[in-house]
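Sequence lines set the chain letters: A, B, ... in the order given, protein chains first and strands last, and positions in each chain run from 1. When reading the values below, keep in mind they use all heavy atoms of this one structure, side chains included, and skip hydrogens, waters and symmetry mates.
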Protein chains: 2
Amino acid sequence: MEPKNTDQIQKNTKTQRSIDTIDRRILSVLTKDATTSYAELGAMVGLSAPAVHERVKRMRKAEAIKATVVALDGKAMGKSFLAFIHVEARGWGKTTELVALGQLPEVEEIHSATGDTGLILKVRTENSVALEGFLWRLYDIEGVRSTKTYVALSTYLERGVQPEITHSLAEGGNIK
Amino acid sequence: MEPKNTDQIQKNTKTQRSIDTIDRRILSVLTKDATTSYAELGAMVGLSAPAVHERVKRMRKAEAIKATVVALDGKAMGKSFLAFIHVEARGWGKTTELVALGQLPEVEEIHSATGDTGLILKVRTENSVALEGFLWRLYDIEGVRSTKTYVALSTYLERGVQPEITHSLAEGGNIK
DNA sequence: TCTCTTTCCGAATTTAATTCGGAGTTATAT
DNA sequence: ATATAACTCCGAATTAAATTCGGAAAGAGA
């Protein structure tokens, strides 16, 4: 047996164990149905229930899993209108007031963005009247220069962060 | 994937009891933490565990609750880049190919939209190179005329559909 | 009023989550 | 090489929660 070169420096001592293939397979199931039991998950990935539990617990602690939540249906909640609103604001200091809009349950996402727009909002309202009401509130905020609203007519896909990565995207080639 | 026509589902089912205040309070908790036990939920809303269970079961069946899922951290999954891509396509028949992009785990949302754009995509990738790779694949699709990409610099809020409704929005006034 | 339906509760049961001790593995240091 | 420490796993035992069940209370409609 040849001795390995020990020159390599290993410096991951205090870092959390990285997410491995089994972790991603577990997460792949849980992003679709988090009511799956540890026993079932174990059968899928070839581990015992306590082993899966241990992994999930670790990922929760490391905040790779941010939360377990129910996904609601917009229409059933009485919110038929979905819109993306691009907000152009004068001066970056006023972003605070805009972010405060997150208090409203109609606002689901707030991102600052590149391009010709400062903020992107995802807003789901009861109807077009409520959306208009929201836009009025937006213009009431000091510094809001302009907005562009894109109303979603149909939603073909809507889901959270997926654990898989398409490595071929970073190579310019086709899907593996 | 075809957008789900919930109207028909509603018709076929016997008149479902509508979502009441207690239901919304339960959902409000579950959208933040679906690991909350029925006993705890019951204590919060003044019901027994079986009563809460019954309500949740009903809402699942009625698909007001679409699923229970884990919310993952994009960075922890190795996806640091978030972008919204507006796609303008020539002819509506080609939408099928675009919707097929939903196969990629990087694609989180696909909506058809009003405005000067046909589709809005929400895409989360490893880095800018992978995002560029994705854009190349987009342009490979027949009929894609142009795209506009908005990269999210910071995310201030990101959550699912909320059960509460701000009624004052539909009245043009202030928050109640 | 009577009946049908819905919603709820407490108790009992079933199922799953969680804990625990120890075996096997790997990495690191002596 | 060998010991040490740190992981990861498993099966068994325990604890906690989900689920089922029968029947009581409340409401709707005839």
S.K.: Assign a letter to each nucleotide of nucleotides 10-25 of chain D from its 5' end: B, base within under 4.0 Å of a protein heavy atom; S, sugar-phosphate only; -, no contact.
M.R.: BBB-----SSB-----
S.K.: Relative to each other, are the rings of H86(A) and H86(B) parallel, tilted or perpendicular (30° and 60° limits)?
M.R.: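 Ring orientation, 0 to 90° scale: tilted.
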S.K.: Using side chain to side chain donor-acceptor pair (under 3.5 Å) as the criterion, list what pairs up with T147(A), not counting sequence neighbours.
M.R.: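 Y139(A).
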S.K.: Round to the nearest Å and state the distance from L41(B) atom CG to dC8(C) atom C1'.
M.R.: 16 Å
S.K.: In whole Å, I'd like the distance from the CD1 atom of I22(B) to the P atom of dC8(C).
M.R.: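 The answer, rounded to whole Å, is 6 Å.
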S.K.: Roughly, in whole Å, what's the span from CZ in R17(B) to P in dC8(C)?
M.R.: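 About 7 Å, once rounded to whole Å.
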S.K.: Distance check: side-chain N/O of R58(A) vs OP1/OP2 of dC7(D), anything under 4.0 Å?
M.R.: no
S.K.: Compute the centroid of each ring, for H111(A) and then for Y150(B), and state whether the two points are separated by less than 6.0 Å.
M.R.: no
S.K.: Only one of E106(A), E109(A), E108(A) clears salt bridge (charged side-chain N to carboxylate O under 4.0 Å, His left out) with R124(A); which?
M.R.: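 It is E108(A), the one option of E106(A), E109(A), E108(A) that forms the salt bridge (charged side-chain N to carboxylate O under 4.0 Å, His left out) with R124(A).
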S.K.: Distance-only, no hydrogens or angles: does the T125(A) side chain make a donor-acceptor pair with backbone N or O of N127(A) under 3.5 Å?
M.R.: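 Checked: pair present.
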S.K.: Could you tell me which non-hydrogen atom of T31(B) sits nearest to which non-hydrogen atom of V69(A), and how far apart they are?
M.R.: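 Looking at all heavy atoms of both residues, the shortest contact is O-CG1, 3.1 Å.
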S.K.: Could you tell me how far apart R55(A) (CZ) and dC7(D) (P) are, to the nearest whole angstrom?
M.R.: 14 Å
